[in-house]
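Only one structure is covered here, and it is reproduced in the block below.
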There are 2 protein chains.
Amino acid sequence: MPAHQELGAKFLEWQRYELDAERCPVRNLLDRIGDRWSMLLLAALSAGPKRFSALNRAVPDISKRMLTQTLRTLETDGLVHREVTPSVPPSVTYSLTPLGEDFAGPLLGLVRWAETHFAEVMAARARMDAA
Amino acid sequence: MPAHQELGAKFLEWQRYELDAERCPVRNLLDRIGDRWSMLLLAALSAGPKRFSALNRAVPDISKRMLTQTLRTLETDGLVHREVTPSVPPSVTYSLTPLGEDFAGPLLGLVRWAETHFAEVMAARARMDAA
DNA sequence: CTGAATCCTATGCGATACTG
DNA sequence: CAGTATCGCATAGGATTCAG
């Protein structure tokens, strides 16, 4: 059974509860990590645990504000672990939880698709721009 | 090689061009379809071609404005095909392109993960709320 | 029926300054 | 070092109205 057919079948199920965001796992997930930074930070942490400032350097154009906020959400959802070493100055290390590592699987699928079909998407855009 | 390690390795490569959104396929893709509606509409269309108003009913809480706009982006990127039947009143049918059907694969991976681990995520949130 | 146009509000997010 | 607090802008996106 092709993936898009199975996906379609799932959609039909979601419709039964009117895609209520509280109960629909997919909408629920997308509302949390379908933002600008979450997936990128998960990818960054996949390369290994990192301290706050190291993460900030790894993703140059994120602000401290959004870095803090996004990490908090990921921690709340159990994808990221936050470890505080009480020292002076303080040190905080972030890492993937087992759940976070598991999520890296589907995320990697998305990443691979993006890399494989990037040229096709760019070509499609160019065609539309021409018209 | 575990998925999260491979993902981490890819992240290290992206860093070399400083994750420039124009050249990084992943950021490029996420900027377009990492919004509130794109993936949901792709799932809806996976169940088969649909007319504008049918899509609007299938996803009850999307506004016509965002429906139009999101479909345009998906069409521009080559994921969705727009077919106009010139009649009175006019009829417009949207469907997945082969590229769109292909994208359903990784998207399905994400969906499955969300369904499988929804309970764990909710449990993690409950723990954080308690603390 | 399928949009386009306009208006308005909410909020995502960066910049900056401050704290333990 | 690792944040928090406050501000302000830009954008997302809903509601409504108009048009072909």
Side-chain angles (χ1 to χ4, degrees), chain A residues 18-21 27-42 44-45 48-77 80-95 128 131, chain B residues 18-22 27-42 44-45 49-77 80-95 128 131:
Chain A
E18 292 173 330
L19 296 150
D20 178 38
R27 292 196 69 168
N28 201 297
L29 178 76
L30 256 43
D31 281 353
R32 310 273 290 198
I33 64 154
D35 64 355
R36 197 166 169 189
W37 302 114
S38 295
M39 303 213 203
L40 213 51
L41 288 181
L42 289 174
L45 288 176
K50 280 187 179 55
R51 297 179 54 175
F52 184 87
S53 49
L55 262 174
N56 209 155
R57 277 189 302 273
V59 184
D61 48 351
I62 192 175
S63 63
K64 283 196 300 179
R65 179 179 138 77
M66 288 316 295
L67 181 54
T68 302
Q69 184 175 309
T70 307
L71 285 170
R72 286 281 189 275
T73 302
L74 293 174
E75 189 195 2
T76 299
D77 285 2
V80 160
H81 175 65
R82 178 172 180 269
E83 179 110 33
V84 183
T85 319
S87 55
V88 185
S91 164
V92 180
T93 302
Y94 294 90
S95 55
M128 293 297 292
Chain B
E18 291 172 330
L19 296 148
D20 179 38
E22 297 307 309
R27 292 196 69 167
N28 202 298
L29 177 77
L30 257 43
D31 281 353
R32 309 276 286 198
I33 64 154
D35 64 356
R36 196 165 172 189
W37 302 115
S38 295
M39 302 212 202
L40 212 51
L41 288 181
L42 289 174
L45 288 175
K50 281 187 178 55
R51 297 181 53 177
F52 185 85
S53 49
L55 262 175
N56 210 155
R57 277 189 302 273
V59 185
D61 48 352
I62 191 175
S63 65
K64 285 196 302 180
R65 180 179 142 74
M66 288 317 294
L67 182 55
T68 302
Q69 183 175 308
T70 307
L71 285 169
R72 285 282 188 275
T73 302
L74 292 174
E75 189 195 1
T76 300
D77 285 1
V80 160
H81 175 64
R82 178 173 180 268
E83 180 109 33
V84 183
T85 321
S87 55
V88 185
S91 163
V92 180
T93 301
Y94 295 89
S95 56
M128 293 298 292

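Proteins get letters first, then strands, A, B, ... in listed order; numbering begins at 1 in each. Keep in mind that the numbers below use all heavy atoms, side chains included, and drop hydrogens, waters and symmetry copies.
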A:L30 versus B:R36: any side-chain heavy-atom pair under 4.5 Å?
no

Whole Å only: how far is the CG atom of B:N56 from the P atom of C:dC1?
11 Å

Gap between atoms CG and P, on B:L71 and C:dG3 respectively (whole Å)
8 Å

Under 3.5 Å, is there a donor-acceptor pair between the side chain of A:S38 and the main chain of A:G34?
no

Over how many whole Å does the gap from B:D31 atom CG to D:dA12 atom P extend?
10 Å

From NZ of B:K50 across to P of C:dG3 the rounded distance in Å is 16 Å

Please state how far atom CZ in B:F52 lies from atom P in C:dC1, giving the value in whole angstrom units.
11 Å

Would you check if B:L45 and B:L55 make a side-chain contact, meaning some heavy-atom pair closer than 4.5 Å?
yes

Heavy atoms, side chains only, cut-off 4.5 Å: are A:D61 and A:W37 in contact?
yes

Using side-chain heavy atoms (C-beta onward) and a distance below 4.5 Å, is A:E83 in contact with A:S95?
no

Nearest to side-chain heavy atoms of A:V92, which nucleotide of D:dA2, C:dC13, C:dA4:
D:dA2

Short side-chain N/O contact from A:S91 to OP1 or OP2 of D:dC1, under 4.0 Å:
no

When you check the phosphate oxygens OP1 and OP2 of C:dT2, does a side-chain N or O of B:S53 lie under 4.0 Å from one of them?
yes

Nearest whole Å is fine: how far is D:dT6 C1' from A:Q69 CD?
14 Å

Pick out the pairs of N or O atoms, protein on one side and nucleotides 14-20 of chain C on the other, that lie under 3.5 Å.
| from | atom 1 | to | atom 2 | distance (Å) |
| --- | --- | --- | --- | --- |
| C:dG14 | OP2 | A:S63 | OG | 2.8 |
| C:dG14 | N7 | A:R65 | NE | 3.3 |
| C:dG14 | O6 | A:R65 | NE | 2.9 |

Side chain proximity check, B:R32 to B:T76, heavy atoms < 4.5 angstrom
yes

Does A:R57 put a side-chain nitrogen or oxygen below 4.0 Å from OP1 or OP2 of D:dC1?
no

note: A:R51, atom CZ; D:dA2, atom C1'; distance rounded to Å ~ 9 Å

Starting from C1' on D:dG13, measure out to CG on B:L40 and report it in whole angstrom.
15 Å

Hey, does the side chain of B:Y94 come within less than 4.0 Å of C:dC1's phosphate (OP1/OP2), counting only N and O?
no

As a quick check of understanding, evaluate side chain to side chain contact (heavy atoms under 4.5 Å, CB included) for B:F52 and B:T68, giving each step before the final call.
CA-CA 8 Å; B:F52 185 85; B:T68 302; 3.5 Å; yes

